[in-house]
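Notes to accompany the following structure.
Scope of the values below: all heavy atoms of this structure, side chains included, with no hydrogens, waters or symmetry mates.
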Amino acid sequence: MVVVRNDWGDLVSEIAKIWEISEARRVIIVTDVNVEALYAAQIWESLSGGTNWHLEMLTLPAGEAAKDFGNLGKILTIFHEAGLDRSSLVFALGGGVISDIAGFAASIYMRGIDYVNLPTTLLAQVDASIGGKTAIDFAGVKNLIGSFRHPRLIYANLATLDSLPRREFISGLSEVVKYGIIKDRALLDFLHENKEAITMRGADALAHIVARCCAIKSEIVAADEKEANLRQILNFGHTFGHAIESLLNFSLPHGHAVSLGMVCALDYSVRHLGLSAKEADFAAQLLEGFGLPTALAGLCPEEIYAQMLKDKKARNGQLTLILTPQPGQAEIVRNPARAEVLRSIKTILRG
């Protein structure tokens with residue numbers, strides 16, 4: 001269940017629709033140091049005042065580097081020492097890193113306990129918190145180890161977006177553009193026509209894009225939960241983008257890397273799937289207009305290609321790319337020619 005609000009005021013009432021709040025249940029809130037300073041006290045007050053639950057807080061370092069075995073082990077140790085059982089709950093309060101690692105810990109502790117996502121970034125609200133993918137990074141590869149387990153509740157408070165640094169806010173817009181490219185041409189038009197309102201973080205504009213992206217992703221996941229086929233289209237730009245992200249040791253925000261990956265995918269789509277150059281330029285200009293990168297220096301195409309072969313969708317050393325013949329549609333293309341992939345990678349490289 002996804003709930004979009006402008007504050008935390010309805011959190012307990014939404015929780016009460018799923019769980020008995022008068023029961024003495026053990027609950028752990030997992031967050032990071034940045035989010036803790038902003039919102040942990042509010043969540044603690046809401047839950048402690050509105051439920052009979054026993055609460056504990058676990059705070060991790062901020063950033064992608066926290067998604068490792070060390071922090072996963074720390075979380076599981078705290079779960080055990082706190083006496084969590086199969087009636088217990090985990091609250092993931094933060095961005096995609098927290099929803100990934102806290103959700104993964106919940107999915108494997110006692111073979112799975114319930115968790116709630118409280119996404120505080122735009123990227124998490126439109127993408128990372130939805131769909132049940134949980135993971136940690138391993139061996140320099142993003143999300144290599146993980147599982148599928150859906151949160152019982154996703155409560156997105158749009159007011160949290162006001163506290164995001166600009167770099168993190170526009171990172172989320174990359175995923176919004178992705179949804180328009182693969183599923184909803186009208187969403188791209190909305191982004192173009194409401195660029196100023198979105199950039200200024202207007203409540204109405206943000207409510208529209210968050211609700212629309214949640215609806216698109218929920219529809220796709222419902223049709224293909226375990227990513228056997230259709231759900232793979234959600235990875236438009238990600239095979240390129242994850243490779244770039246990994247090679248840069250996650251110093252580039254996820255959405256920025258995906259933006260670069262989408263430019264590569266758009267180029268390949270123009271040359272091989274009949275996407276018009278005008279439509280590809282329109283999408284790339286949307287990304288640039290929001291301040292997202294469409295070019296990069298410091299990497300070589302062969303490095304990126306080699307890293308792409310480690311992608312989870314690769315089969316027997318052969319790539320799978322998500323491409324688009326026209327905005328609003330996506331296609332899965334398997335075993336693309338190496339030379340053609342390298343040609344698309346070169347379109348974003350400078351220097």
Side-chain angles (χ1 to χ4, degrees), residues 1-32 35-36 38-60 67 72 75-76 78-79 82-135 146-161 210-211 214 217-218 221 225:
M1 181 170 69
V2 181
V3 175
V4 180
R5 296 287 188 270
N6 289 309
D7 54 39
W8 299 115
D10 293 331
L11 178 59
V12 171
S13 63
E14 294 295 337
I15 288 170
K17 295 176 182 178
I18 304 173
W19 295 283
E20 176 53 62
I21 60 176
S22 64
E23 181 181 335
R25 191 186 305 269
R26 291 189 177 275
V27 174
I28 287 186
I29 303 165
V30 182
T31 189
D32 68 39
V35 177
E36 179 187 32
L38 294 168
Y39 303 114
Q42 298 175 37
I43 299 302
W44 188 281
E45 183 179 357
S46 294
L47 295 179
S48 61
T51 73
N52 192 35
W53 295 347
H54 174 77
L55 306 177
E56 292 196 32
M57 185 83 66
L58 171 57
T59 304
L60 299 178
K67 280 171 53 177
L72 177 65
I75 296 171
L76 294 171
I78 295 297
F79 285 3
L84 266 61
D85 58 29
R86 286 180 173 171
S87 70
S88 301
L89 298 175
V90 176
F91 282 73
L93 172 64
V97 168
I98 293 297
S99 66
D100 277 351
I101 191 168
F104 185 37
S107 77
I108 60 177
Y109 183 76
M110 291 190 168
R111 297 194 176 96
I113 61 175
D114 285 344
Y115 74 104
V116 174
N117 274 335
L118 303 176
T120 59
T121 67
L122 181 59
L123 193 149
Q125 290 183 4
V126 302
D127 190 73
S129 69
I130 310 160
K133 279 188 176 181
T134 71
S147 64
F148 289 93
R149 187 171 181 87
H150 293 277
R152 292 289 303 278
L153 172 67
I154 301 164
Y155 188 105
N157 176 4
L158 298 177
T160 62
L161 304 183
V210 170
C214 287
K217 185 162 187 179
S218 296
V221 171
E225 179 185 6

_Walk me through whether L118 and I43 qualify under side-chain contact (heavy atoms from CB on, under 4.5 Å)._
CA-CA 10 Å; L118 303 176; I43 299 302; 4.1 Å; yes
Donor-acceptor pair, [X] side chain versus [Y] backbone, under 3.5 Å?
X: Q125; Y: N157; value: yes
X: T134; Y: S147; value: yes
X: R25; Y: S87; value: yes
X: N117; Y: S129; value: yes

_No-hydrogen, no-angle side-chain donor-acceptor test under 3.5 Å, T59 and T31_ =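 Per modelled atom types, T59 and T31 side chains form no pair under 3.5 Å.
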Reported [atom1]-to-[atom2] distance for the pair [X] and [Y], which is rounded to 0.5 angstrom:
X: M1; Y: K17; atom1: CE; atom2: NZ; result: 6.0 Å
X: Y115; Y: I28; atom1: OH; atom2: CD1; result: 16.0 Å
X: I15; Y: S46; atom1: CD1; atom2: OG; result: 8.5 Å
X: L11; Y: L153; atom1: CG; atom2: CG; result: 7.0 Å
X: D7; Y: T160; atom1: CG; atom2: OG1; result: 11.0 Å
X: S88; Y: E56; atom1: OG; atom2: CD; result: 10.0 Å

Are the side chains of [X] and [Y] in touch, meaning some heavy atoms are under 4.5 Å apart?
X: V3; Y: D10; result: no
X: L47; Y: I29; result: yes
X: L55; Y: W53; result: yes
X: V30; Y: L60; result: yes
X: V221; Y: I130; result: no

*Partner set under salt bridge (charged side-chain N to carboxylate O under 4.0 Å, His left out) for D114, not counting sequence neighbours*: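 Residues passing salt bridge (charged side-chain N to carboxylate O under 4.0 Å, His left out) with D114: R149, R152.
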*Give a yes or no on whether a salt bridge exists between K217 and D127, defined as a side-chain N under 4.0 angstrom from a carboxylate O.*
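Looking at D127 together with K217, the answer is yes, because their closest N to O distance falls below 4.0 Å.
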*Just say parallel, tilted or perpendicular for the rings of Y109 and F79, cut-offs at 30° and 60°.*
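Answer is perpendicular, since the angle exceeds 60°.
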*Which is it for I98 and V35 under the side-chain contact (heavy atoms from CB on, under 4.5 Å) test, yes or no, and what are the steps along the way?*
CA-CA 10 Å; I98 293 297; V35 177; over 6 Å; no
*Step by step, would you call L158 with V4 a side-chain contact (heavy atoms from CB on, under 4.5 Å)?*
CA-CA 7 Å; L158 298 177; V4 180; 3.9 Å; yes
_Test side-chain contact (heavy atoms from CB on, under 4.5 Å) on V27 and W19; report intermediate values, then the result._
CA-CA 12 Å; V27 174; W19 295 283; over 6 Å; no
